[in-house]
Amino acid sequence: MPIAPNPLPVCVRGLRKAYSDVVAVDGLDLEVHTGECFGLLGPNGAGKTTTIEICEGLTKADAGTVELLGLNWETGAAELRQRLGVQLQETQLAEKLTVEETLRLFRSFYRRGPAVSAVIGMVQLEEKLKSRVGGLSGGQKQRLALACALVGDPDLLFLDEPTTGLDPQARRQLWDLIERFKTEGRTIILTTHYMDEAERLCERVAVMDHGKVIALGTPKELIASIGADHMVEFAVDGAAALDMASLERLEGVRMARSDNGGYQLHVTVLHRAVPALFDELARRRIPLTELRTHSATLEDVFVSLTGRHLRDE
C-alpha cells in the first residue's frame, strides 16, 4: 500500500478578506514547502499582515481555505496551537515578570519543547535571566519574543519582522539560529523589510500588492526577472530634466525611471552604460550631482513591481 505524502506545511486556496469596502486579501493562493524559509514581502496595505493573521488563527477569512501541517483551524485548533510558533511584530509581555519566569510560563502551554535554559541560550539572554521584562532594551525584548515562539519546539514558525531593533551582530546571530532551525526540517514564514535578510534566509519569496501575489520565486529568479544585472542611480542639477526615452536609448540600458527626484537605470552592461550616460550628460551640458551603482537586489525587484521602496512604507 503506497504511503501518503506528508502534507504541505502551508496550503492556502482562494483566500479572501474584506474590511467594509476595502479588500485586504483577494483570492490568494499560496504553498510553502517543508524545510524552507518562505518570505512574504509587501508594502503597507498589500494584505500580507492579514494573510499571516488568518494563517495564525487570529483573523477569520471571508472565503477560501487554509491548511497548516495538514490541519485547519476549524477542526484542528488545539493541535495547531501545539505545533506552531508565532513571533508578532510587537509582542506585549508582562513587564513585571523576569525573562526566566516569562519563558517558564510560555513553556507550560506546550506538551513538548526544549528546556527553558536551552532556549535562553539560543537567543543569548543568559545575562538577563533574572531581569524584568520592563527593563530590557528593544532588541532584548525582540529576542525574548523569539524565544517564546521557539519554546514549544514548533514544526512551523511565523516570524513577523524578527530583527527589527537588533544591532547588526544580533541580526546575524538570529540569522544563524533561523538557518539551524531550517536544517532540522522545520518551516518558516518570514516577513521582513530588510532585503538582505530575505535574500540570505529565504528559499522562495512572494511579493504581495493589493491583496494578491504579484511575483513568486527564488530571490535569484526574481532578481533575474527584471532583466538587469546592475542598477545605476544618479541625480542632476535641479534645473535640468531628462526624458526616459533618451536614457533608454543609451548603450547597455534596459529601462529608465525617475525616482525620488533622481533617476534609476536598469543596466545589462555596466561598463558601457556608465560612459554612455556621461557622454549624454556632457553633450547636453547637464551637471551630474550624484552617482551610485550596485548589483540588482530584491529591493530593485520590489520597486520595479510596485513603484515603491519597501522600507519607505
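Since the structure is predicted, the reported quantities are computational estimates derived from the model, not experimental observations.
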Legend entry - Pairwise distance SG(Cys202) to CG(Leu40) - rounded to 0.5 angstrom: 9.5 Å
Legend entry - Path from Val213 to Val205 over hydrophobic side-chain contacts below 4.5 Å: no
Inset, instruction - Considering only NZ, NE, NH1 and NH2 on the basic side and carboxylate oxygens on the acidic side, decide whether Glu248 and Arg257 come within less than 4.0 Å. - result: no
Legend entry - Full working for salt bridge (Lys or Arg N to Asp or Glu O under 4.0 Å) between Glu290 and Arg292: CA-CA 7 Å; Glu290 294 180 35; Arg292 295 181 298 276; 2.9 Å; yes
Legend entry - Heavy-atom neighbours of Glu127 CD exceed 12 at 6.0 Å: no
Legend entry - Ionic contact status for Lys182 with Glu184, cut-off 4.0 Å: no
Inset, instruction - Could you tell me whether the side chain of Ser108 and the main chain of Leu105 form a donor-acceptor pair under 3.5 Å? - result: yes
Inset, instruction - Salt-bridge test for Glu280 and Arg283: reply yes if a basic N is under 4.0 Å from a carboxylate O, no otherwise. - result: yes
Inset, instruction - Indicate, with yes or no, if Leu150 and Leu84 share a hydrophobic cluster defined by side-chain heavy-atom contacts under 4.5 Å among Ile, Leu, Val, Met, Phe, Trp and Tyr. - result: no
Legend entry - Neighbour count >12 (heavy atoms, 6.0 Å) for atom CZ, Arg132: no
Legend entry - Shared hydrophobic cluster for Leu190 and Leu58 (ILVMFWY, side-chain gaps under 4.5 Å): no
Inset, instruction - Give the cluster check for Leu156 versus Phe181: same hydrophobic cluster or not, with ILVMFWY residues linked at side-chain heavy-atom distances below 4.5 Å. - result: no
Legend entry - Side-chain ion pair, Glu100 and Arg104, N-O less than 4.0 Å: yes
Inset, instruction - Would you please say whether a donor-acceptor pair under 3.5 Å links the side chains of Gln142 and Thr163? - result: no
Inset, instruction - From the options Arg83, Arg111, Arg186, select the one residue that forms a side chain to side chain donor-acceptor pair (under 3.5 Å) with Asp153. - result: Arg186
Legend entry - Within 6.0 Å of CZ in Arg172, more than 12 heavy atoms from elsewhere: no
Inset, instruction - Would you please test Phe38 and Thr187 for side chain to side chain contact (heavy atoms under 4.5 Å, CB included) and show each step? - result: CA-CA 8 Å; Phe38 186 90; Thr187 305; over 6 Å; no
Inset, instruction - Report the distance from atom CD of Glu31 to atom CD of Glu36, rounding to the nearest 0.5 Å. - result: 10.0 Å
Inset, instruction - Would you mind checking if Asp196 and Arg171 are paired as a salt bridge, meaning a charged N to carboxylate O distance below 4.0 Å? - result: yes
Legend entry - Side-chain ion pair, Glu95 and Lys141, N-O less than 4.0 Å: yes
Inset, instruction - Can you measure from CG (Leu281) to CG (Leu288) and round to the nearest 0.5 angstrom? - result: 6.0 Å
Legend entry - Residues Arg112 and Asp155 bridged, charged N to O under 4.0 Å: yes
Inset, instruction - With rounding to the nearest 0.5 Å, note down the distance linking SG in Cys37 to CD in Glu197. - result: 8.5 Å
Legend entry - From Leu298 atom CG to Ile223 atom CD1, the distance as rounded to the nearest 0.5 Å: 4.5 Å
Inset, instruction - Look at Lys17 together with Glu53 and state whether they make a salt bridge at an N to O cut-off of under 4.0 Å. - result: no
Legend entry - Under-4.0 Å salt bridge between Glu221 and Arg204: no
Legend entry - Transitive ILVMFWY side-chain link Tyr110 to Leu93, under 4.5 Å: yes
Legend entry - For Arg107 against Pro114, the heavy-atom pair lying closest together: NE-O, 3.4 Å
Inset, instruction - Could you tell me whether the side chains of Asp300 and His266 share a donor-acceptor contact shorter than 3.5 Å? - result: no
Inset, instruction - Please step through salt bridge (Lys or Arg N to Asp or Glu O under 4.0 Å) for the pair Arg200 and Asp176, ending with a clear verdict. - result: CA-CA 10 Å; Arg200 160 76 181 267; Asp176 291 341; 3.4 Å; yes
Inset, instruction - To the nearest 0.5 Å, tell me how far Thr59 OG1 sits from Ile52 CD1. - result: 11.0 Å
